[in-house]
Amino acid sequence: MDHSGHGMNMDLPPFTLGRGLQFSADPFFLAGCVLALLLYGYGVLRLRRRGDEWPVGRTVLFVVGVLTIALVMCTRLNDYGMVMFSVHMVQHMVISMLSPILLLLGAPVTLALRALPVARRGSKGPRELLLMLLHSRYMKVVTHPAFTIPLFIASLYALYFTPLFDYLMGSTTGHLAMMVHFLAVGLFFFWPIMGVDPGPHRPGYVMRMLELFAGMPFHAFFGIALMMASQPMVEVYKNPPASLGIDALSDQSAAGGIAWAFSEIPSVLVLVALVFQWYRSEQRTAKRSDRAADRDGDQELLAYNAYLASLQARGR
């Protein structure tokens, strides 16, 4: 059975960053990335033409998010990832923990809801279908922490420590399916926590931080387990091609280190985003009550003073 996926991977030269970053596109992911950028760009243009604003920061974050996917799936990193555990782990961590955060901060669902035309009465267009999906029971389930946290953890343990991983790595389709799964799990895990988009499950900020930290220790422990292991644990990577000049165990240890270190990166990113969002929502609430006060000339205050006056009069 050809484990190399592409067949040509068997005689890859030793890994260097320069070699890893050479263009070598996976057609599926290349098409997906290009499509995502075109659709997002089209949405922003539609809003602009209508005279609506769309934050430049969101566009930048979304584009960078798509580029991080292209970076690990449309370069030789993808070829090296088939034969080197450490490189595969970089792919996995980026696509499941970095790309989703950046994509979500780009608020693609909000953009779609604002850019898509409203269908004629009595008919359902793409916008209506999207709204139905957002409000569906299915979405409530898949974005609930009771679902996302176990899924996030199982994606590590159930995959790497069972024969499932070897099976998926045995074919290009399996490998693709696994990468798509990593991306989807990341999106579902981080969406309720720090997505800007409307979602069915929107806990308060403290709960969101707890949700974030519920998944991370398992992630760190997974990395440590790989680093401490005294023999190669994943079949596919047990006998790396001689041309790479690497030792399976030290490569696995590097993979563990990457998984462990990476669990910190999104935590920091998400915390910064959360604190910022929290601050902004507090600001908005304050502004809203100020505006209300301006509008009704502080009716509340006047009513309260009148109430105090009536109490005093009664007291006399």
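In what follows, every heavy atom counts, from backbone to side chain, and hydrogens, waters and symmetry copies are set aside.
In this structure a side-chain-to-backbone donor-acceptor pair under 3.5 Å is present from Tyr157 to Phe222. Arg76 places no side-chain N or O within donor-acceptor distance of the main-chain N or O of Arg19, the cut-off being under 3.5 Å. Between the Glu128 side chain and the Ala119 main chain, a donor and an acceptor come within less than 3.5 Å of each other. Glu264 places no side-chain N or O within 3.5 Å of a backbone atom of Ala261 that could act as its donor or acceptor partner. A donor-acceptor pair is defined here as one N or O able to donate and one able to accept, closer than 3.5 Å; such a pair exists between the side chain of Ser123 and the backbone of Arg120. In this structure, the side chain of Tyr80 does not engage the main chain of Leu12 through any donor-acceptor pair within 3.5 Å. Formation of a donor-acceptor pair under 3.5 Å by the Tyr167 side chain with backbone atoms of Gly174 is not found in this model. With hydrogens and angles disregarded, no donor-acceptor distance shorter than 3.5 Å links the side chain of Asp26 to the backbone of Met73. For Arg46 (side chain) and Ala115 (main-chain N/O), a donor-acceptor pair under 3.5 Å exists by modelled atom type.
No path of Ile, Leu, Val, Met, Phe, Trp and Tyr side chains, each step under 4.5 Å between heavy atoms, connects Leu271 with Tyr279, placing them in separate hydrophobic clusters. Cluster membership check: Phe218 does not share its hydrophobic cluster with Val268, using side-chain heavy-atom separations under 4.5 Å among Ile, Leu, Val, Met, Phe, Trp and Tyr. Placement of Leu249 and Phe161 in two distinct hydrophobic clusters is found when ILVMFWY residues are connected by side-chain heavy-atom separations under 4.5 Å, directly or transitively. Leu98 and Leu67 fall within the same hydrophobic cluster, where Ile, Leu, Val, Met, Phe, Trp and Tyr residues are linked whenever their side-chain heavy atoms come under 4.5 Å apart, directly or through other members.
Under the 6.0 Å distance and 45° angle rule, Arg280 does not count as a cation-pi partner of Trp278.
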**OP:** Walk me through it: do His88 and Phe165 pass the test ring-ring contact (aromatic ring centres under 6.0 Å, His included)?
**Re:** CA-CA 12 Å; His88 165 83; Phe165 184 78; 5.1 Å; yes

Quiz item: Can His144 and Phe188 be said to form a ring-ring contact (aromatic ring centres under 6.0 Å, His included), step by step?
Solution: CA-CA 9 Å; His144 196 278; Phe188 282 130; over 10 Å; no

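Between Glu235 and Met169, the closest side-chain pair of non-hydrogen atoms is not below 4.5 Å. The side-chain heavy atoms of Thr68 and Ser99, taken from C-beta on, include a pair separated by under 4.5 Å. Contact annotation: the side chain of Thr148 never approaches that of Val142 to less than 4.5 Å [non-hydrogen atoms, C-beta and beyond]. Looking at heavy atoms from C-beta onward, Met179 lies in side-chain contact with Phe29 at the 4.5 angstrom threshold. The shortest distance between side-chain heavy atoms of Phe15 and Leu77 falls below 4.5 Å.
Side-chain polar atoms of Ser24 and Thr75 form no donor-acceptor pair below 3.5 angstrom.
Ring orientation note: the planes of His92 and Phe182 are close to parallel, at an angle under 30° on the 30°/60° scale.
For Tyr205, the OH atom sits in a packed shell: over 12 heavy atoms of surrounding residues, nucleotides or ligands are nearer than 6.0 Å.
Tyr160 has its ring centre less than 6.0 Å from the ring centre of Phe85.
Applying the ring pair (Phe, Tyr, Trp, His ring centres under 6.0 Å) rule to Phe152 yields the partners Phe189, His219; only residues at least two apart in sequence or on another chain are considered.
Salt bridge Arg208/Glu211: absent, no basic N to carboxylate O contact under 4.0 Å.
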